[in-house]
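On a predicted model such as this, the values are computed, not experimentally measured, just so you know. In this chain, numbering begins with 1 at the start of the sequence shown. When reading the values below, keep in mind they use all heavy atoms of this one structure, side chains included, and skip hydrogens, waters and symmetry mates.
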Amino acid sequence: MKLINGTEKRRINADEPKAELGLPGCPAHLDAIGKGTWMELAEAVTWFARVDADVVAAYCAMWSRHVRAERLMHKLAVPGNELGELPEA
């Protein structure tokens, strides 16, 4: 019954290392959009650990690229063209 309830004490490792919580400072390679996303995530998500920093940085870089691509797509959009495709030459 203890195994089903998750209270089996023999399986708990008392010496298991604990991750240090909190992200380090914002990586220098991120642009302004990426840095803003980093700061938002660092404040909002308190359970991130330092070991998550590379994954969070990759997410911030990808989000920045997505936002810039959306802006470019809308800038190049032809009136009436809902998809924002490049106009024909």
Pairing residues for Arg68 by the salt bridge (charged side-chain N to carboxylate O under 4.0 Å, His left out) criterion, not counting sequence neighbours: Asp31
Hey, any chance Met73 and Val67 share a hydrophobic cluster, counting ILVMFWY side chains that come within less than 4.5 Å of each other, even indirectly?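 No, because Met73 and Val67 fall into different hydrophobic clusters, even though each may have its own neighbours under 4.5 Å.
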Are Val56 and Met62 connected in a single hydrophobic cluster, I mean Ile/Leu/Val/Met/Phe/Trp/Tyr linked by side-chain heavy atoms less than 4.5 Å apart?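 As far as the 4.5 Å side-chain criterion goes, Val56 and Met62 are not connected within one cluster.
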On a heavy-atom basis, which atom in [X] and which in [Y] lie closest, and how many Å separate them?
{"X": "Ser64", "Y": "Gly34", "result": "CB-N, 3.9 Å"}
{"X": "Trp63", "Y": "Ile33", "result": "CD1-CG2, 4.3 Å"}
{"X": "Pro27", "Y": "Lys35", "result": "O-CE, 3.9 Å"}
{"X": "Asp52", "Y": "Trp47", "result": "OD2-O, 4.5 Å"}
{"X": "Trp38", "Y": "Leu23", "result": "CZ2-CB, 3.9 Å"}

Any side-chain heavy-atom pair of Cys60 and Leu41 under 4.5 Å: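 Result yes, sub-4.5 Å side-chain heavy-atom pair found.
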Mind checking the CD-CZ spacing from Glu70 to Arg65? Nearest 0.5 Å is all I need. 15.5 Å
